[in-house]
Asker: 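There's a structure below that I have some questions on.
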Number of protein chains: 2
Amino acid sequence: MDLEGVRTFVAVAEAGQFQAAADDLGISQQAVSKRVATLERTLGVSLLVRSGRGTQPSVDGQAFLPHARELIRVAARAVGSVRPGRRALRVDVLNRRTAPATALHAFHRSHPDVELDVVTLPDAHLDAAVAAVVGGSVDATFRAISVPGGEVPSPVRATRVIDDRHQLLVGPRHPLAGATGLRPADLAGHRIWMPGMQADTEWGAYYDELGRAFGLRIDTMGPSFGVEVLLDELAESAELATFVGEGTRYLWPEAYDLRRIPIVDPTPVYPHSIVWREDNAHPVLAAFLDHLMAHRRPPQGRTWEPAWAR
Amino acid sequence: MDLEGVRTFVAVAEAGQFQAAADDLGISQQAVSKRVATLERTLGVSLLVRSGRGTQPSVDGQAFLPHARELIRVAARAVGSVRPGRRALRVDVLNRRTAPATALHAFHRSHPDVELDVVTLPDAHLDAAVAAVVGGSVDATFRAISVPGGEVPSPVRATRVIDDRHQLLVGPRHPLAGATGLRPADLAGHRIWMPGMQADTEWGAYYDELGRAFGLRIDTMGPSFGVEVLLDELAESAELATFVGEGTRYLWPEAYDLRRIPIVDPTPVYPHSIVWREDNAHPVLAAFLDHLMAHRRPPQGRTWEPAWAR
DNA sequence: GAGCGTCACAACCGCCGGTTGTTCACTAGG
DNA sequence: CCTAGTGAACAACCGGCGGTTGTGACGCTC
């Protein structure tokens with residue numbers, strides 16, 4: 001089915017005759033006739049009833065017409081989604097499960113009418129993300145600013161907006177499964193598995209420093225086969241454990257019986273900052289920043305974070 | 001923008017490489033490359049990041065991808081809307097403002113998930129509508145059965161489902177504007193204007209008989225310029241009046257100050273029957289018929305209807 | 001550096017979709 | 001009943017789009 005044919009059908013249905021539609025579309029009446037005939041042939045039904053004085057939609061044409069209009073609307077939105085300039089607010093997140101994605105979801109729920117595009121940059125490094133913000137391919141990105149002092153070069157700005165408190169995720173057979181709270185020191189000697197968090201990534205740097213600070217064995221080795229595999233392994237294992245943020249959205253079958261155990265005294269927090277270009281005039285961006293600041297929950301109790309985040 | 005190009009992009013994004021997408025689509029890898037390149041050129045952005053080992057969506061590609069999928073879904077629904085066999089329930093109404101259309105709307109609200117197509121047959125005559133039901137181009141039609149006894153030939157069935165009580169619609173300057181209720185005899189001498197209701201239509205036959213029964217001057221002459229024009233004229237005129245059904249949905253600006261005045265003793269009711277084919281197995285049809293029967297409100301008080309409807 | 005996998009480019013070609021010119025069907029008017 | 005006029009379809013033609021096969025460039029692996 002050809003979109004031009006659909007547009008032509010709509011034009012004819014609205015104009016009431018082929019010649020007028022042809023004038024609207026800037027083509028000949030014969031071309032309109034051909035396009036409609038082709039569309040009718042591909043659909044296998046007659047869409048228009050031709051009479052001596054103009055044309056009107058047939059029964060099938062009436063049923064098809066609203067779908068045709070919807071198709072054209074969706075096509076226009078699709079084109080608009082990538083048009084430089086006025087397009088949906090495009091926010092980069094490292095991962096669609098972490099706290100920033102949850103915050104985006106919450107913003108979307110409180111502003112149902114705004115258009116959001118949640119994307120993940122192919123190159124996950126901070127400088128590449130900042131370059132993307134400067135270049136305008138994304139309007140904002142969530143990052144842990146791993147630069148001492150948290151300074152970023154103008155015209156880029158960054159603000160801490162989410163402190164994601166860490167929890168330990170273990171299966172029912174794990175020796176710590178019954179704990180209601182754990183101190184980082186309690187984890188010494190236990191193997192904490194965070195596959196895919198290689199040292200050259202933002203997460204890797206965080207867990208590297210966290211491990212060294214409390215003498216933990218955080219194993220970032222091995223390829224990540226996806227979160228489902230990880231959860232499946234956790235459910236079975238009496239040794240494996242992993243860190244998850246309070247704000248992450250993991251779903252697992254009831255039978256897995258996994259437990260989230262808060263970590264306290266101090267609680268490691270993952271410092272999510274929002275990075276944007278200060279001269280970005282996108283109307284939704286300001287609202288989103290306001291939303292983030294309004295929903296910022298300062299961490300309670302004693303917390304820990306890497307030296308480079310302070 | 002070409003739908004095939006969009007489909008191809010989605011296939012590549014899902015497969016992760018051009019060759020696999022080409023196999024899925026049954027075309028050559030080079031054709032896939034060309035299609036994607038053409039789509040990228042028309043959109044003006046790069047959708048895919050090519051690497052030595054496969055391909056993944058770029059930032060723009062990620063933003064475009066959900067719109068592309070939606071586009072394909074809508075296209076499939078559009079094709080499905082006219083495919084013989086399994087399609088949305090298609091109901092014919094004489095007019096999208098009358099009581100049957102309101103009933104359809106109510107059914108849609110109470111069954112939000114079912115797909116409905118409301119259409120108006122090009123040929124408004126009863127026999128043509130029955131032929132459409134028999135032929136399957138519509139699943140049901142709302143008609144006033146103008147056959148004495150209300151019999152229709154098998155396999156078609158018909159049942160009275162809506163008795164639309166008539167009201168008089170007048171502007172504020174009309175001499176009857178202040179009435180709270182009127183008898184048909186009170187309307188004698190007043191001009192009642194129902195443009196477009198020619199005698200050879202279903203409505204025309206009704207108002208013809210109504211006029212003769214009570215000695216009313218019902219003027220069906222003149223072309224109908226649309227309901228907006230009619231309402232506009234009513235608002236200004238001190239002479240014009242028109243009939244409307246209780247179930248009709250007319251909207252007019254507040255300033256028009258039009259009044260709906262009930263007609264009683266007897267109340268003319270317009271007899272809407274639903275006509276369907278008894279061996280039509282469409283699952284929604286049965287639910288719709290049930291809905292209509294459940295919401296049937298028998299007229300109260302003394303009513304009038306044409307001899308051919310009784 | 002050899003080999004392989006992946007995608008882009010080039011050359012070729014059939015056919016789709018546009019054009020103009022003409023015919024057919026229907027309506028209105030005398 | 002004939003004629004004029006309107007509106008859409010048909011016919012012939014043609015350029016370019018979108019497919020094919022063949023080949024080249026690039027990057028990764030061993």
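These numbers come from the heavy atoms of this one structure, side chains and all, not from hydrogens, waters or symmetry mates. Numbers restart at 1 for each chain; the letters A, B, ... are given by sequence-line order, proteins then strands. All figures in this text were calculated on a predicted structure; none of them were measured in a lab.
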Asker: How many whole angstroms separate atom CG of A:L25 from atom P of C:dT19?
Answerer: 10 Å

Asker: Could you check if a side-chain atom of A:V12 sits within less than 4.5 angstrom of a side-chain atom of A:R7, using non-hydrogen atoms only?
Answerer: no

Asker: Separation of A:L48 atom CG from D:dG7 atom P, in whole Å?
Answerer: 16 Å

Asker: Does any non-hydrogen side-chain atom of B:H67 lie less than 4.5 Å from one of A:V74?
Answerer: no

Asker: If you take any heavy atom closer than 4.0 Å to DNA chain C, which residues from residues 5-15 of chain A end up in contact?
Answerer: none

Asker: Salt bridge check, A:R90 against B:D60: does any charged N sit closer than 4.0 Å to a carboxylate O?
Answerer: yes

Asker: Rounded to the nearest Å, what distance is computed from the CD atom of residue A:E4 to the P atom of nucleotide D:dG18?
Answerer: 12 Å

Asker: Going by heavy atoms in the side chains, are A:T55 and A:F18 under 4.5 Å from each other?
Answerer: yes

Asker: What nucleotide, of D:dT20, C:dC7, D:dA8, holds the atom closest to the side chain of B:R50?
Answerer: C:dC7

Asker: When the distance from CG of A:D23 to C1' of D:dG7 is rounded to whole Å, what number comes out?
Answerer: 13 Å

Asker: B:T242: which residues meet the side chain to side chain donor-acceptor pair (under 3.5 Å) condition with it, sequence neighbours left out?
Answerer: none

Asker: Starting from C1' on C:dC26, measure out to CD on A:Q19 and report it in whole angstrom.
Answerer: 17 Å

Asker: Examine D:dG7: is either OP1 or OP2 under 4.0 Å from a nitrogen or oxygen in the side chain of A:T55? Give yes or no.
Answerer: no

Asker: Is it the case that the ring center of A:F9 lies less than 6.0 angstrom away from the ring center of A:F64?
Answerer: yes

Asker: Near DNA chain D, under 4.0 Å by heavy atom, which residues of residues 29-38 of chain B?
Answerer: B:Q30, B:A31, B:K34, B:R35

Asker: What integer distance in Å separates A:Q17:CD from C:dA25:P?
Answerer: 20 Å

Asker: Respond yes when some side-chain nitrogen or oxygen of B:S28 is under 4.0 Å from OP1 or OP2 of D:dT21, and no when none is.
Answerer: no

Asker: Taking only Lys NZ, Arg NE, NH1 and NH2, and the carboxylate oxygens of Asp or Glu, determine whether B:E40 and B:R50 approach each other closer than 4.0 Å.
Answerer: yes

Asker: Applying the side chain to side chain contact (heavy atoms under 4.5 Å, CB included) criterion to A:V133, which one of A:N280, A:D139, A:T141 satisfies it?
Answerer: A:T141

Asker: How close or far is atom P of C:dA25 from atom CZ of A:F18, stated in whole angstroms?
Answerer: 17 Å

Asker: How long is the line joining CZ of A:R41 and P of D:dA9, in whole Å?
Answerer: 13 Å

Asker: With a cut-off of 6.0 Å (strictly less than), are more than 12 heavy atoms of other residues, nucleotides or ligands near CD of A:E239?
Answerer: no

